[in-house]
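Excluded from the calculations below are hydrogen atoms, water molecules and symmetry mates; all remaining heavy atoms, backbone and side chain alike, are included.
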Amino acid sequence: MRTQRGTLDTTLNKYRLPIIDLLDDLGTEPSAFDAIGLREFLLRRVSCFSQGKSKNLATAVRMFLRFLIARGYCAPGLEHAIPTVAKWRLSSLPKYLSVQDVECLINSCDQCSPLGARDRAILVLIARLGLRAGDVSALKFGDLLWEEGTLIISGKGRRQARLPLPQEVGKAILHYLRHGRPHKVGDRIFITTTAPFVPISRQAVGQTVARAIRRTGISAPTQGAHLLRHSAATRMLREGVSLPAIGALLRHASIETTTVYAKVDVDLLQEVAMPWPEVQPC
């Protein structure tokens, strides 16, 4: 998966446990796998899983079966024994914060401390550019093109994209590099604040957002880094930025993914909604 499809290690790690469960349940001899055993394994697991975790389980098992089939280790067509977990795309509203709450999170960071300087740089990166947690944790010095005012991001599928580097974002990163980051510790930008000094994980990026929410006492619908990513997209839409432009910044593979943000622009929806027959408009 890493070589042929460019799958990130973080995604492969998510697939690891479901595959181990499969081998523990059905045995380590793929030639003995059959459709009944595979379906029974899946149904036993999803009975106590959330919708998202169930979908991840089915995806991991199906991809592993395709690999086994390609290598001739199990019967062709067994991947079809894994049913699709129902999850309708774009069926829910994106969770986001108001512009005022986002600014409150950013301003709550104590830039005089190494942790506060790092937190502010991370929050500004996500809030202004809509980066994913993995994008932030993977940033390297070579990704910052200061003279060109751009930033290179290696996203899903290892696809690279070049984004603008706003002055506010650049200043926050520079402040962290000068006053918060340990010196001469690898080429990754964001490093832990206590020894041993190692690059932070994508989970640490999410914890940065959660820490700011607790610090400010803001009532937030979720606590992860994606909350600020959704907030950035929602803010841009309300400022009049087009959906294609938002999709380009967020690096969506399809414009259909970006259209979910149109559902949060209530004022625009009221302009295009058709009146209900025989009912006075509100």
**Student:** Testing the basics here: between Ala117 and Gly180, what is the closest heavy-atom pair and its distance to 0.1 Å?
**Tutor:** CB-CA, 4.5 Å
**Student:** With distance as the sole test, does Arg181 use its side chain to make a donor-acceptor pair with the main-chain N or O of Tyr176 at under 3.5 Å?
**Tutor:** no
**Student:** Does Ile189 reach the side chain of Asp143, with side-chain heavy atoms less than 4.5 Å apart?
**Tutor:** no
**Student:** Once side-chain hydrogen bond (donor to acceptor under 3.5 Å, both in side chains) is applied, do any residues pair with Glu29, and if so which ones, sequence neighbours excluded?
**Tutor:** Ser31
**Student:** Determine which pairs satisfy salt bridge (charged side-chain N to carboxylate O under 4.0 Å, His left out) with at least one residue from residues 198-223, sequence neighbours left out, and list them in order.
**Tutor:** Asp119-Arg211
**Student:** Could you grab the distance from atom CG of Asp135 to atom CD1 of Ile153, nearest 0.5 Å is fine?
**Tutor:** 5.5 Å
**Student:** Please name all residues satisfying ring pair (Phe, Tyr, Trp, His ring centres under 6.0 Å) with His80, sequence neighbours left out, ordered by chain then number.
**Tutor:** none
**Student:** Cluster question for you: counting only ILVMFWY and a side-chain heavy-atom cut-off of under 4.5 Å, with indirect links fine, are Leu139 and Phe141 together?
**Tutor:** yes
**Student:** Hey, does Ile126 have a side-chain heavy atom less than 4.5 Å from the side chain of His226?
**Tutor:** no
**Student:** Please examine the side chains of Val205 and Phe190, heavy atoms only from C-beta on, and report whether any two atoms are closer than 4.5 Å.
**Tutor:** no
**Student:** Would you tabulate the side-chain donor-acceptor contacts of residues 40-48 under 3.5 Å, counting partners in other chains and residues two or more places apart, or write 'none'?
**Tutor:**
{"from": "Arg44", "atom 1": "NH2", "to": "Asp25", "atom 2": "OD1", "distance (Å)": "2.7"}
{"from": "Arg44", "atom 1": "NH2", "to": "Asp25", "atom 2": "OD2", "distance (Å)": "2.9"}
{"from": "Ser47", "atom 1": "OG", "to": "Arg44", "atom 2": "O", "distance (Å)": "2.8"}

**Student:** On a heavy-atom basis, which atom in Leu165 and which in Gly170 lie closest, and how many Å separate them?
**Tutor:** CD1-N, 4.3 Å
**Student:** Using every non-hydrogen atom in the two residues, find where Pro30 and Thr28 come nearest and quote the distance to one decimal.
**Tutor:** CD-O, 3.2 Å
**Student:** For a quick test of reading the model, state the closest non-hydrogen atom pair linking Ala248 to Leu163 and the distance between them.
**Tutor:** O-CD2, 4.5 Å
**Student:** Same cluster or not: Trp146 versus Val136, using hydrophobic residues (I, L, V, M, F, W, Y) connected whenever any side-chain heavy atoms lie under 4.5 Å apart?
**Tutor:** yes
**Student:** With rounding to the nearest 0.5 angstrom, report the CG to CD1 distance, Leu228 to Ile122.
**Tutor:** 11.0 Å
**Student:** Can you tell me how far apart CZ (Arg251) and CG (Leu249) are? Round to the nearest 0.5 Å.
**Tutor:** 7.5 Å
**Student:** Which residues pass the side-chain hydrogen bond (donor to acceptor under 3.5 Å, both in side chains) test with Ser201, sequence neighbours left out?
**Tutor:** Gln203
**Student:** Taking the side chain as every heavy atom from C-beta outward, state whether Pro164 and Thr150 have any pair of such atoms under 4.5 Å apart.
**Tutor:** no
**Student:** Show the nearest heavy-atom pair for residues Leu38 and Leu26, with the distance to one decimal.
**Tutor:** CD2-CD1, 3.6 Å
**Student:** Side chain to side chain contact (heavy atoms under 4.5 Å, CB included) between Ile106 and Arg120: does it pass, once the steps are laid out?
**Tutor:** CA-CA 6 Å; Ile106 294 173; Arg120 190 177 192 280; 3.8 Å; yes
**Student:** Does CD belonging to Glu239 count more than 12 external heavy atoms closer than 6.0 Å?
**Tutor:** yes
**Student:** CG of Leu237 to CD1 of Ile246: how many Å apart, nearest 0.5 Å?
**Tutor:** 4.5 Å
**Student:** Between OG of Ser231 and OH of Tyr96, what distance do you get to the nearest 0.5 Å?
**Tutor:** 8.5 Å
**Student:** Please tell me if the side chains of Leu125 and Ile173 come closer than 4.5 Å, counting only heavy atoms from C-beta onward.
**Tutor:** yes
**Student:** Test: salt bridge (charged side-chain N to carboxylate O under 4.0 Å, His left out). Region: residues 160-178. Which pairs qualify, not counting sequence neighbours?
**Tutor:** Arg128-Glu168, Glu148-Arg162
**Student:** Contact between Arg238 and Thr234 at the side-chain level, heavy atoms closer than 4.5 Å - yes or no?
**Tutor:** yes
**Student:** Could you go through His175 and Gln111, starting from their C-alpha distance and side-chain angles, then the distance that decides it, and tell me whether this counts as side chain to side chain contact (heavy atoms under 4.5 Å, CB included)?
**Tutor:** CA-CA 8 Å; His175 179 84; Gln111 295 195 75; 3.4 Å; yes
**Student:** Keeping to residues at least two apart or across chains, list the salt bridge (charged side-chain N to carboxylate O under 4.0 Å, His left out) pairs with something in residues 183-199.
**Tutor:** none
**Student:** Side chains of residues 59-77: which donor-acceptor partners sit under 3.5 Å, not counting sequence neighbours?
**Tutor:**
{"from": "Thr59", "atom 1": "OG1", "to": "Lys55", "atom 2": "O", "distance (Å)": "2.9"}
{"from": "Arg62", "atom 1": "NH2", "to": "Ile82", "atom 2": "O", "distance (Å)": "3.3"}
{"from": "Arg62", "atom 1": "NH2", "to": "Pro83", "atom 2": "O", "distance (Å)": "3.2"}

**Student:** My understanding is that a hydrophobic cluster links ILVMFWY residues whose side chain heavy atoms are under 4.5 Å apart, including indirect links. Using that, what else belongs to the cluster containing Leu145?
**Tutor:** Ile152
**Student:** Applying side chain to side chain contact (heavy atoms under 4.5 Å, CB included), name anything that partners Pro166, two or more places apart in sequence or on another chain.
**Tutor:** Leu129, Val169
**Student:** Are Ile200 and Arg118 side-chain neighbours, meaning at least one heavy-atom pair lies under 4.5 Å?
**Tutor:** yes
**Student:** Determine whether Val185 and Leu144 fall in the same hydrophobic cluster, where Ile, Leu, Val, Met, Phe, Trp and Tyr are linked whenever their side-chain heavy atoms lie under 4.5 Å apart.
**Tutor:** yes
**Student:** From Ile213 CD1 over to Leu97 CG, what is the distance, rounded to the nearest 0.5 angstrom?
**Tutor:** 6.0 Å
**Student:** Minimum heavy-atom separation for Val209 and Gly224, please, with both atom names.
**Tutor:** CG1-O, 3.5 Å
**Student:** Do Leu174 and Leu115 sit in one hydrophobic cluster, given that two such residues count as connected whenever their side-chain heavy atoms are within less than 4.5 Å of each other, even indirectly?
**Tutor:** no
**Student:** If the condition is side-chain hydrogen bond (donor to acceptor under 3.5 Å, both in side chains), which residues does Asn13 pass it with, not counting sequence neighbours?
**Tutor:** Arg16
**Student:** Ile218, Val99: one ILVMFWY side-chain cluster at the under-4.5 Å cut-off?
**Tutor:** no
**Student:** Take atom CD1 in Ile36; do more than 12 heavy atoms of anything else shown fall under 6.0 Å from it?
**Tutor:** no
**Student:** Sequence neighbours excluded and cut-off under 3.5 Å, please list the side-chain donor-acceptor pairs for residues 191-199, or say none.
**Tutor:**
{"from": "Thr192", "atom 1": "OG1", "to": "Thr194", "atom 2": "O", "distance (Å)": "3.3"}
{"from": "Thr192", "atom 1": "OG1", "to": "Pro196", "atom 2": "O", "distance (Å)": "3.2"}
{"from": "Thr192", "atom 1": "OG1", "to": "Val198", "atom 2": "N", "distance (Å)": "3.1"}
{"from": "Thr192", "atom 1": "OG1", "to": "Val198", "atom 2": "O", "distance (Å)": "3.4"}

**Student:** Please tell me if the side chains of Leu123 and Val102 come closer than 4.5 Å, counting only heavy atoms from C-beta onward.
**Tutor:** no
